[in-house]
Amino acid sequence: MNVLILTADGFEDSELLVPMFRFQEIGAEVTIAGPDRESYAGKHGYEVEATKAFRELRPDDYDVLIIPGGKAPETVRLHAKALEAAREMLRSGKPVGAICHGPQVLISAGVLKGRKATCWQGIRDDLIIAGAEYLDREVVVDDNLVTSRTPWDLGAFCRELTKLVHAGVGA
């Protein structure tokens, strides 16, 4: 199984690292992608190395997409190739998880209309304007889309995302 995580500087450390370690724990190959192949710093000082640049992404190479929050989604959403990957993976039925500010990428990709989702309260109105039904819950699962609000929701977020994988969603 191949997992793709989209990021840039300012990611919420736990929202990237916890799912990354969780998927590695179950045997997945995890790829970190950023605007370029370089090191990216989280809000709290952790660093990750992007082994792929957005321009190199081929959505067919991945089985799961994770979009952590923090300030990184503000940068990720400005890159057409990152939006294309998110759009293609969600529309093809592959499991997609976005937490905190992560749904900003999905908003810019134009894929939330008619979907149920949650997010950090500060972008709730953006989610609604994008056509999603906002639910204030620790985790919302809508078909192949899993969303959560904050780092405090990571347990539920990882549980539901891995449930989709074990159920063969998108396979």
Side-chain angles (χ1 to χ4, degrees), residues 1-9 11-12 15-40 42 47-70 72-119 127 130-132 139-148 154 157-171:
M1 170 185 5
N2 293 311
V3 176
L4 174 62
I5 299 177
L6 301 178
T7 200
D9 279 328
F11 62 88
E12 177 59 52
E15 293 172 357
L16 187 149
L17 297 171
V18 170
M20 179 184 80
F21 291 141
R22 177 66 186 113
F23 276 93
Q24 287 175 337
E25 179 182 64
I26 62 173
E29 180 73 31
V30 177
T31 298
I32 306 286
D36 292 297
R37 286 184 180 217
E38 61 184 50
S39 185
Y40 293 96
E47 290 192 9
V48 295
E49 189 72 29
T51 57
K52 291 276 185 186
F54 294 148
R55 66 184 169 279
E56 300 172 296
L57 293 178
R58 295 169 31 112
D60 288 344
D61 292 344
Y62 304 99
D63 306 300
V64 178
L65 173 63
I66 299 171
I67 309 168
E74 293 176 24
T75 299
V76 174
R77 73 192 310 191
L78 300 177
H79 292 267
K81 287 292 190 179
L83 297 179
E84 180 183 311
R87 192 178 299 118
E88 178 58 32
M89 291 182 76
L90 190 65
R91 288 187 177 155
S92 67
K94 295 178 182 182
V96 172
I99 185 167
C100 191
H101 285 77
Q104 287 178 314
V105 175
L106 301 175
I107 289 167
S108 292
V111 293
L112 290 180
K113 187 172 186 167
R115 303 296 298 253
K116 293 180 175 128
T118 195
C119 59
L127 197 76
V139 65
V140 174
V141 180
D142 182 357
D143 192 26
N144 62 319
L145 176 63
V146 177
T147 53
S148 284
L154 275 164
F157 178 75
C158 290
R159 180 190 67 234
E160 295 302 325
L161 199 51
T162 55
K163 266 189 199 176
L164 289 180
V165 169
H166 290 308
V169 171

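Numbering starts at 1 and runs along the sequence shown. Basis for what follows: all heavy atoms, side chains included, without hydrogens, waters or symmetry-related copies. Everything quoted here is computed from the prediction, not taken from an experiment.
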Would you say the side-chain atoms of [X] pair up with the backbone N or O of [Y], donor to acceptor, closer than 3.5 Å?
| X | Y | result |
| --- | --- | --- |
| Asn144 | Pro95 | no |
| Asp63 | Asn2 | yes |
| Thr147 | Thr118 | yes |

Taking it one step at a time, do Glu47 and Ser39 satisfy side chain to side chain contact (heavy atoms under 4.5 Å, CB included)? CA-CA 6 Å; Glu47 290 192 9; Ser39 185; 2.8 Å; yes
So, do [X] and [Y] sit near enough that their side-chain heavy atoms are less than 4.5 Å apart?
| X | Y | result |
| --- | --- | --- |
| Tyr62 | Glu29 | no |
| Thr162 | Leu164 | no |
| Lys94 | Val64 | no |
| Leu57 | Lys81 | no |
| Leu154 | Ser148 | no |
| Leu90 | Arg115 | yes |
| Pro35 | Tyr40 | yes |
| Val169 | Lys163 | no |

Show every salt bridge (Lys or Arg N to Asp or Glu O under 4.0 Å) that has at least one partner inside residues 15-25, sequence neighbours left out.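 Those involving residues 15-25 are Arg22-Glu25.
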So which atom in [X] and which in [Y] form the shortest heavy-atom distance, rounded to 0.1 Å?
| X | Y | value |
| --- | --- | --- |
| Ser108 | Arg77 | OG-NE, 2.8 Å |
| Pro19 | Cys158 | CA-SG, 3.9 Å |
| Leu127 | Pro103 | CD1-CB, 3.9 Å |
| Phe157 | Ala98 | CE1-N, 3.5 Å |
| Thr7 | Phe54 | O-CZ, 3.5 Å |
| Pro73 | Pro68 | CG-O, 3.3 Å |

Rounded to the nearest 0.5 Å, what's the gap from [atom1] on [X] to [atom2] on [Y]? Could you check?
| X | Y | atom1 | atom2 | answer |
| --- | --- | --- | --- | --- |
| Lys52 | Leu4 | NZ | CG | 10.0 Å |
| Arg55 | Asp36 | CZ | CG | 5.0 Å |
| Ser92 | Arg87 | OG | CZ | 12.5 Å |
| Leu112 | Cys119 | CG | SG | 9.5 Å |
| Met89 | Leu6 | CE | CG | 8.5 Å |

Do NZ/NE/NH1/NH2 and the carboxylate oxygens of Glu49 and Arg37 come within less than 4.0 Å?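 Arg37 and Glu49: not salt-bridged.
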Which of these, Ile66, Val48, Ile5, sits in a side chain to side chain contact (heavy atoms under 4.5 Å, CB included) with Val30?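 For Val30, the side chain to side chain contact (heavy atoms under 4.5 Å, CB included) check succeeds only for Ile5.
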For Leu83, which of Val76, Leu106, Val105, Ile107 qualifies under side chain to side chain contact (heavy atoms under 4.5 Å, CB included)?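 Answer to the side chain to side chain contact (heavy atoms under 4.5 Å, CB included) test with Leu83 among Val76, Leu106, Val105, Ile107: Val105.
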Where do Arg159 and Val139 land on the side chain to side chain contact (heavy atoms under 4.5 Å, CB included) test, with the steps shown first? CA-CA 10 Å; Arg159 180 190 67 234; Val139 65; 4.3 Å; yes
